[in-house]
Amino acid sequence: MSPFRLVFGKPCHLPVKLEQRAFWAVKQCNYNIDEAGRHRKLQLQELEELRNGSYENSRIYNEKTKLFHDKSITRKHFETGHRVLLYHSRLKLFPGKLRSRWIGPFVVIKTFDHGAVEVQIEKMGQIFKVNGHCLKPFYEGFNANALEIIHFDVPMC
């Protein structure tokens, strides 16, 4: 080893005692390189296990939230001949205060497996496909002739 070292770009003379300590420190750091390699591999494996565990927890959480969300979705089943109302999505820009967002009624012509529904305008006869989530059943007003009148007698005390 040379007694001269470069410190901050300038040659200088280091005492022998300092050189021996530096050599000892380098030797200790690099002496057990195999053990240091094994320790690093263990650290990487632990990191990989943590990563896999967090990935698994994330997958479980996503499955549970999907099940919770899917439970709250109401499935709508329409049959051919049903009368339905269609949600008017273009009304969002200038909705009137009391204006209904549902238009129709329409008549269901055909339903598809993937959720689409083929409907027909009653008055014009035009046929088109819409998403089943944009429809709701059309309930007509009740018939006054179908009412049953019940008379209650006043009890005598």
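These values consider heavy atoms only, across backbone and side chains, with no hydrogens, waters or symmetry-generated copies. Here, residue 1 is the first one in the sequence, and each next residue gets the next number.
With values rounded to the nearest 0.5 angstrom, Glu49 atom CD is found 10.0 Å from Leu47 atom CG. Separation of atoms OG1 (Thr111) and NE2 (His82) is listed at 10.0 Å; rounding is to 0.5 Å.
Look at Arg51 and Glu48 and you find a salt bridge, because one of the NZ, NE, NH1 or NH2 atoms lies within 4.0 Å of a carboxylate O, short of that distance.
Counting non-hydrogen atoms of other residues, nucleotides and ligands closer than 6.0 Å to CD of Glu79 gives a total of 12 or fewer. Other residues, nucleotides and ligands contribute over 12 non-hydrogen atoms within 6.0 Å of the CZ atom of Arg59. Applying the 6.0 Å contact sphere to CZ of Phe112 captures more than 12 heavy atoms from other residues, nucleotides or ligands.
Of all the heavy atoms in Val84 and Leu135, the pair that sits closest is CG2-CD2, 4.0 Å. Closest approach of Trp102 to Cys134, counting heavy atoms only: CZ3-O, 3.4 Å.
In this structure, Phe138 is not a member of the same hydrophobic cluster as Val119, with clusters built from ILVMFWY side-chain heavy atoms closer than 4.5 Å. Under a hydrophobic-cluster definition in which Ile, Leu, Val, Met, Phe, Trp and Tyr are linked whenever side-chain heavy atoms come within less than 4.5 Å, directly or via other members, Val108 and Met124 are assigned to the same cluster. Under the 4.5 Å side-chain heavy-atom criterion for ILVMFWY residues, a single connected hydrophobic cluster contains both Ile103 and Val117.
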Worksheet item: Given Phe106 and Leu85, is the side-chain contact (heavy atoms from CB on, under 4.5 Å) satisfied, shown in steps?
Response: CA-CA 6 Å; Phe106 299 94; Leu85 294 175; over 6 Å; no
Fill in: Worked check of side-chain contact (heavy atoms from CB on, under 4.5 Å) between Ile109 and Thr80
CA-CA 5 Å; Ile109 301 298; Thr80 303; 5.8 Å; no
Discussion item. Apply side-chain contact (heavy atoms from CB on, under 4.5 Å) to residues Phe128 and Ile121 and explain how you reach the verdict.
Written reply: CA-CA 9 Å; Phe128 55 95; Ile121 301 175; 3.8 Å; yes
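Evaluation of the side chain to side chain donor-acceptor pair (under 3.5 Å) test over residues 112-139, restricted to residues two or more places apart or in two chains, returns Arg83-Glu122.
Contact of the Phe152 side chain with the Ile150 side chain is registered, since non-hydrogen atoms from C-beta on lie closer than 4.5 Å.
Residues passing the salt bridge (Lys or Arg N to Asp or Glu O under 4.0 Å) test with Glu46, sequence neighbours excluded: none.
Panel note: side chain Thr65, backbone Tyr61; a donor-acceptor pair is recorded below 3.5 Å.
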